[in-house]
Protein chains: 2
Amino acid sequence: MAPRGPLSTGTARTACRRARPTEALVSGTRSDEGSTATVNGRQNSRPTLEQVAARAGVGRGTVSRVINGSPRVSEQTRAAVARAVAELGYVPNQAARALAGSRTDAVALVIPEAEARLFAEPYFLDLIRGVSAELAEADKQLLLTLVRSEQERQRFEQYLAAQRVDGVLLASVHGDDPLPDRIRELGIPVVMNGRRSEAEPVPYVDSDNIGAGRAAVAHLVGRGRQRIATVTGPLDMYVARARLGGYRAGLAEAGHAPDEGLVAAGDFTEDGGRAAMRSLLERRPGLDAVFAASDVMAAGARAALREAGRRVPEDVALVGVDDSPVARLMDPPLTSVRQPIEEMGRTMARMLLGDAGVTPEDTPKRVLPTELVVRGSC
Amino acid sequence: MAPRGPLSTGTARTACRRARPTEALVSGTRSDEGSTATVNGRQNSRPTLEQVAARAGVGRGTVSRVINGSPRVSEQTRAAVARAVAELGYVPNQAARALAGSRTDAVALVIPEAEARLFAEPYFLDLIRGVSAELAEADKQLLLTLVRSEQERQRFEQYLAAQRVDGVLLASVHGDDPLPDRIRELGIPVVMNGRRSEAEPVPYVDSDNIGAGRAAVAHLVGRGRQRIATVTGPLDMYVARARLGGYRAGLAEAGHAPDEGLVAAGDFTEDGGRAAMRSLLERRPGLDAVFAASDVMAAGARAALREAGRRVPEDVALVGVDDSPVARLMDPPLTSVRQPIEEMGRTMARMLLGDAGVTPEDTPKRVLPTELVVRGSC
DNA sequence: CAACGACGTGGGAGCGCTCCCATCAGGGGG
DNA sequence: CCCCCTGATGGGAGCGCTCCCACGTCGTTG
């Protein structure tokens, strides 16, 4: 199958193309004689490298070198070119650069649509913010790709093949997702947000989810809680397993005996949190604290607690993860483990851009610390 | 001044470029002899139009026509080309297309960073979702640009000049923003989300903010509320003025006398909402309902009401705007006016792509309806 | 039955860059 | 005093595509 879009764009094209300025004036005449540049009223019809070269009295190669910051240009020449560039308002044509240099100065950020709904909403916005900031500094473009179906996912692979991006950032990858490996096979640098398993072969940036669980439990233990339950995320995601692992580690370190009855699986949704909480209350009515693996689930849990007549924090203490706006707005405000989301985004971008040698042998990983934000819920 | 990026990228470049597959094998040999294509192990080194043409036994032009869905190709030839495309796994090189066709198949979505923080957080994600969905259908790429400073804004204008995008979507534009006009001057199609004033000269998609205010007030009046106050957004934004206008219209229609003491200015933040609410309570202690121009401000107002000992909804009824997750999580859940955010995004994209003739003369506008979502807060 | 559109088709001419080789000055060593 | 090396520079050769003109081939007309 050929890609769908291109095949169907055809006919209407001509009508849509931005008309060249010259066409309007010289209509009928082919506009490719000598000096299209200096001719009549400036504006529009962007100057080319060649024109800059002519104006500066140098060759194309030299202008290119200046534009690209090559050191092998005399200071004097550089200045002359810079002036010409300024005078003409020259901006290099990106398409031409990409074609000639096989490099696009663009990076794709891929977000599975389904996740975007589940996750504490601001998560991706924060991530985007971090990525965007770092890319902007490096003068790279951010191509955002929301993937909402298998079909779109395949189309995305087409884009990769079409060499539209220099690298890919992958958010929220599930344990069985082959995409990261596929991208690497295409020879395109990748960095993921989070990982698929403990031993992730693809470069990634993650937050210390184990530490998050541990910190939450330690805090609850410190407040004298004895029967600490947890609402987990979907256990096919490493992030959920890690937080659960942290919870268990925290309990062990505090000398609490493990009790699987205190563990209920959620799915990162409010409803999931509510359901899990109900089941926990049924199984272990005596629980006095809950670590929810996300703020949204904590909100659901909170609702379930309220409907069961339990007070927060008097009867049951509650801790979430994400430190999202929801946490602040809850009543009482929710204690939560903050992840440095924006910083993760920045780090991902930096890894992608900077660590040039991102090859299969050395897999850069980075795990950023989390931080407990204490509020009224415990 | 020459653009910063290009001028400073120089030296490091070579190291970062993706190595061509051949280099690894034939290292030392120039890799540009005749048939790079059919040579050794397939994979990588994407096939070109020319190779597809050869394989299908037709000319380049014909393949191009097939790829672009031109009707002037015989069914038989089309099939032959399609087969060759499939066999070779051909994907057109985007850079080449852009260069030759001066058309990029990419659209920029510009979001002022400052706003991204203020607005009910999910707003932009929803917007992005809509835009993304529609663009994906048209096989266009979404270039997300968060603009966080004057400098970045200028850099963005450079990108426009570099012809990186076929069109621009602008979110959350303030009343005095010259950017939309600037972009039009560059001859690039633009569609804004929201408008800068009642008579907006640039194409836009907005939601019915006046209707939103009116609906909220009508609902409160219907519930028997007599002294209905409002917390507005920043009045330099049309959206805030429109909602205020709707509030006034609603009161007038219900035969209530206007009372400026019942109007307090917020700024779309929680703190702003809280402060405004406090001032309202001070000025008009007898108020029995509040229309907050955003859910986040409603949350702030709710806090202020609680600290003043007023119950919601018994003493004071509360209505917000956005129908964000916050609304659902509040206690009691907040009645709110929903805007079709995702639909706005879709509409914007459609306008940009479809309405080819977006010229100064005909300014397409679209105002989408809002909808009151009744919950416990009134 | 010749002339003439219409339809398919091939392929030249760029699009505006980057690469890289050839070239040209100078300057120091043999 | 000549040669070779280094640093700067010019410009040819593409990158892979779209446009568009020119060229058959038929099926129709007068």
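Here is the naming used below: chain letters follow the sequence lines, and residue numbers restart at 1 for every chain.
Looking at the side chain of A:Leu99, the nearest of the listed nucleotides C:dC17, D:dC20, D:dG16 is D:dG16. The side chain of A:Thr77 approaches D:dA8 more closely than any other nucleotide in the set D:dG16, C:dG16, D:dA8. Nearest to the side chain of B:Val73, among C:dT18, C:dG16, C:dT9, sits C:dT9. You'll find that the side chain of A:Ala100 is closest to C:dT18, out of D:dT9, D:dC17, C:dT18.
Of the residues near DNA chain C, B:Ala96 and B:Gly57, the one whose nearest nucleotide (by heavy atom distance) lies more toward the 5' end is B:Gly57. In terms of position on DNA chain D, the residue among A:Arg60 and A:Ser74 whose nearest nucleotide sits closer to the 5' end is A:Ser74.
Rounding to whole angstrom units, CD of residue A:Gln94 and P of C:dC17 are separated by 10 Å. If you take CG of B:Asn68 and C1' of D:dC20, they are 14 Å apart, rounded to a whole angstrom. Distance B:Gln51 CD to D:dG16 C1': 10 Å, rounded to the nearest Å. In this structure, B:Glu75 atom CD and C:dT9 atom P are separated by 10 Å, rounded to whole Å. In this structure, the CZ atom of A:Arg97 is 19 Å from the P atom of D:dG16, given to the nearest Å. Distance B:Asn93 CG to D:dT18 C1': 13 Å, rounded to the nearest Å. With rounding to whole Å, B:Arg46 atom CZ is found 17 Å from D:dC15 atom P. Distance, A:Arg164 CZ to D:dG16 P: 16 Å, rounded to whole Å.
Counting atom types as modelled, B:Arg72 pairs no side-chain N or O with a base atom of C:dT9 as donor and acceptor under 3.5 Å. Residue A:Arg65 places a side-chain atom within donor-acceptor reach of the base of D:dG10, judged by atom type and a 3.5 Å distance cut-off alone.
Between A:Glu137 and A:Arg346 a salt bridge is recorded (basic side-chain N to carboxylate O distance below 4.0 Å).
Only one option out of B:Leu170, B:Val205, B:Val202 pairs with B:Val191 in a side-chain contact (heavy atoms from CB on, under 4.5 Å); it is B:Val205.
Comparing the start and finish of the helix from C:dC1-D:dG30 to C:dG30-D:dC1, five pairs each, the helix axis swings through 60°, to the nearest 10 degrees.
A:Arg148 meets the side-chain contact (heavy atoms from CB on, under 4.5 Å) test with A:Glu113, A:Leu146, A:Glu152, B:Arg129, B:Ser132, B:Ala133; sequence neighbours excluded.
Under the 3.5 Å distance criterion, the side-chain polar atoms of B:Asp166 are left unmatched by any main-chain donor or acceptor of B:Val107. Using modelled atom types, no side-chain atom of A:Arg164 and backbone atom of A:Leu143 make a donor-acceptor pair closer than 3.5 Å. A:Thr104 places no side-chain N or O within 3.5 Å of a backbone atom of A:Ala98 that could act as its donor or acceptor partner.
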Problem set entry | Step-by-step salt bridge (Lys or Arg N to Asp or Glu O under 4.0 Å) determination, A:Glu75 to A:Arg78 | CA-CA 5 Å; A:Glu75 212 36 68; A:Arg78 184 186 307 280; 3.7 Å; yes

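OP1 and OP2 of D:dT9 both lie 4.0 Å or more from every side-chain N or O belonging to A:Thr62.
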